[in-house]
**Q** 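Have a look at the structure that comes next, please.
What you see below is based on every heavy atom in this structure, not just the backbone, and it leaves out hydrogens, waters and symmetry mates. Here is the naming used below: chain letters follow the sequence lines, and residue numbers restart at 1 for every chain.
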2 protein chains.
Amino acid sequence: MSTRTGRPPKISRREIVTAALRVIEEDGTGALTMRRLAREVGSTAMALYHHVRDKEELLLLLLDDYAAAIPRPALPDEPRERMVAAAMAMHDAVSGCPWAVDILKADDLMSVGALWYPEQIVDAAVHAGLTIEEAVDVYRIIWHYTAGEIGGRAAARRRREEGGPTYRERVFAELDAEEFPRLSTVARRWEDLTARDTYAKGVRAIVNGLLP
Amino acid sequence: MSTRTGRPPKISRREIVTAALRVIEEDGTGALTMRRLAREVGSTAMALYHHVRDKEELLLLLLDDYAAAIPRPALPDEPRERMVAAAMAMHDAVSGCPWAVDILKADDLMSVGALWYPEQIVDAAVHAGLTIEEAVDVYRIIWHYTAGEIGGRAAARRRREEGGPTYRERVFAELDAEEFPRLSTVARRWEDLTARDTYAKGVRAIVNGLLP
DNA sequence: ACCTGAACACCGTTCAAGT
DNA sequence: ACCTGAACACCGTTCAAGT
């Protein structure tokens with residue numbers, strides 16, 4: 001029997017997390033401030049601190065909530081293909097919330113709700129003949145690659161939205177063909193060349209390069 | 001003959017950049033604020049805006065300066081080995097300034113001063129038999145992996161310095177062995193397993209996986 | 001041309017007080 | 001127990017004025 005006393009809560013963690021996800025979805029991760037979030041749940045910024053320790057804990061909650069909600073695809077049995085498929089599913093999941101990379105990378109591992117991906121990758125690697133230690137290495141290499149790819153793409157999009165010539169464009173426009181013979185031949189096509197999605201190609205290379 | 005008039009400058013771009021690098025070296029990238037930097041050069045925050053457009057341009061200048069100062073290693077002739085060596089040199093260079101990842105990734109390419117690395121990698125890839133388009137893909141995959149690895153390691157170090165149990169530690173302590181059979185067997189060794197430097201292993205895998 | 005001080009519009013977070 | 005308002009200690013940047 002619950003006999004807790006005191007003022008009944010006006011807002012819940014659930015409400016806060018839901019509102020936070022909505023804010024990010026609508027106005028991007030930069031818009032998620034404690035004050036904005038408070039306004040969103042009809043309260044004050046300081047009330048939030050009664051439900052989450054600080055902003056970092058909030059982001060962690062957010063991530064768990066988000067990750068747990070994503071459906072898990074059926075994976076092929078063959079270990080190689082299973083690793084690639086699990087990596088791509090992980091990539092898709094995190095692509096949906098690029099802000100998560102900044103939280104996740106701190107521990108080079110995902111939140112509870114997202115541990116399914118590393119579990120699958122490590123398990124498949126062991127089935128492919130690696131030791132558990134090697135399998136962990138493989139997972140981490142794949143994760144670093146995934147985090148780098150998503151981080152890069154998120155930053156590129158942000159830059160594109162801001163408009164105006166990027167630093168790279170300025171640099172590439174006056175590239176010295178003597179010093180950079182290869183880069184100068186692709187300078188004008190760089191935008192197109194780098195717009196292609198090469199994630200799968202990279203994952204396959206890593207998997208093929210690391211499995212016996 | 002220079003006949004420019006007006007008040008003579010008290011501070012120069014050079015001075016600003018040098019001071020900024022010193023601040024970062026001494027107190028980390030988080031300590032680099034316009035106000036702190038101004039104090040360091042004996043001026044006001046607002047005076048800085050007469051020499052750099054905004055903080056982003058300052059960071060770009062910083063990066064160029066830093067990258068240009070790094071000595072370039074001699075690379076082996078054999079294309080595969082050259083790619084690996086160039087990637088590792090790039091990794092070393094950027095490791096020295098993890099803050100650079102955030103600037104660089106926006107354009108998935110480096111500053112002028114650092115263009116040497118992609119040039120070498122792309123060139124070696126072409127010598128290994130790839131088309132220029134494929135070579136650019138390889139470079140980008142390597143770069144994403146490199147950025148992810150450095151970003152992850154920088155974040156891990158930051159976290160370690162802060163002390164206290166990480167989120168991962170808490171999660172791993174109560175990991176369900178039924179749901180995560182693989183991860184739970186390595187949970188207690190995770191710290192050690194992930195402390196190992198696997199960058200070279202990853203780069204070799206990518207190179208071997210992508211070259212014919 | 002270059003520098004300054006005051007001010008703007010923000011942050012995350014703490015603290016003492018209210019209900 | 002939960003919420004509030006005021007305040008602290010910051011940010012990057014703009015603007016009008018000085019030399």
**Q** Measuring from the side chain of A:Met34 (C-beta onward, heavy atoms only), which nucleotide among D:dA1, D:dT13, C:dG12 has the closest atom?
**A** C:dG12
**Q** Below 4.0 angstrom from OP1 or OP2 of D:dC3, is there any side-chain N or O of A:His51?
**A** yes
**Q** Tell me the interatomic distance from B:Leu59, atom CG, to D:dG12, atom C1', rounded to whole angstroms.
**A** 12 Å
**Q** Rounded to the nearest 0.5 Å, how far does CD of B:Glu40 lie from CG of B:Leu32?
**A** 9.5 Å
**Q** Can you measure A:Leu58 atom CG to C:dC11 atom P for me and round it to whole angstrom units?
**A** 14 Å
**Q** Would you mind reading off the distance between B:Leu48 atom CG and D:dT14 atom C1', rounded to a whole angstrom?
**A** 15 Å
**Q** Starting from P on C:dA9, measure out to CZ on A:Arg36 and report it in whole angstrom.
**A** 19 Å
**Q** Let me know the distance between CZ of A:Arg35 and P of C:dC10, rounded to the nearest Å.
**A** 10 Å
**Q** Could you spell out the base pairing of DNA chain C as a dot-bracket line? Use Watson-Crick and G-U wobble contacts where both distances are under 3.5 Å, [ ] for crossing pairs, | for partners on a different strand.
**A** ||.|||||...|||||.||
**Q** Ignoring hydrogens and geometry, is there a side-chain-to-backbone donor-acceptor pair from B:Glu119 to A:Arg182 under 3.5 Å?
**A** yes
**Q** Go through D:dC3, C:dG12, C:dC3 for me and flag the one nearest to the A:Ala47 side chain.
**A** D:dC3
**Q** Is it true that a side-chain atom of B:Lys55 and a backbone atom of B:Thr33 form a donor plus acceptor pair closer than 3.5 Å?
**A** no
**Q** Provide the closest heavy-atom pair for B:Trp116 versus A:Phe180 in the form atom of the first, atom of the second, distance.
**A** N-CE2, 3.7 Å
**Q** What's touching nucleotides 16-19 of chain C from the protein side, N or O pairs under 3.5 Å?
**A**
| residue | atom | partner | partner atom | Å |
| --- | --- | --- | --- | --- |
| C:dG18 | N2 | A:Arg7 | NH1 | 2.8 |

**Q** Would you mind reading off the distance between B:Arg39 atom CZ and C:dT4 atom P, rounded to a whole angstrom?
**A** 15 Å
**Q** Ignoring hydrogens and geometry, is there a side-chain-to-backbone donor-acceptor pair from B:Arg13 to B:His51 under 3.5 Å?
**A** yes
**Q** Keeping the roles fixed (side chain from B:Asp54, backbone from B:Glu57), state whether a donor-acceptor pair exists under 3.5 Å.
**A** yes
**Q** Salt-bridge test for B:Arg170 and B:Glu174: reply yes if a basic N is under 4.0 Å from a carboxylate O, no otherwise.
**A** no
**Q** Going from CG on B:Asp137 to OG1 on A:Thr194, what distance comes out if it is rounded to the nearest 0.5 angstrom?
**A** 9.5 Å
**Q** Where does the angle between the aromatic ring planes of A:Tyr145 and B:His144 fall among parallel (under 30°), tilted (30 to 60°) and perpendicular (over 60°)?
**A** tilted
**Q** Does the side chain of A:Thr33 get closer than 4.0 angstrom to OP1 or OP2 of C:dC10 through an N or O atom?
**A** no
**Q** Give a yes/no answer on whether the side chain of A:Thr44 brings an N or O atom under 4.0 Å of OP1 or OP2 in D:dT4.
**A** yes
**Q** Determine whether the side chains of A:Thr146 and A:Tyr199 contain a donor N or O and an acceptor N or O closer than 3.5 Å.
**A** yes
**Q** What's the closest nucleotide to the side chain of A:Met46 if the choices are C:dG12, D:dC2, C:dC15?
**A** C:dC15
**Q** The side chain of B:Tyr49 lies closest to which of these nucleotides: D:dG12, D:dC2, C:dG12?
**A** D:dG12
**Q** Atom CZ of B:Arg53 and atom C1' of D:dT14: how far apart are they, to the nearest Å?
**A** 16 Å
**Q** Let me know the distance between CD1 of B:Ile16 and P of C:dC2, rounded to the nearest Å.
**A** 12 Å
**Q** May I ask you to evaluate whether B:Lys10 reaches the phosphate of C:dC3, defined as a side-chain N or O under 4.0 Å from OP1 or OP2?
**A** no
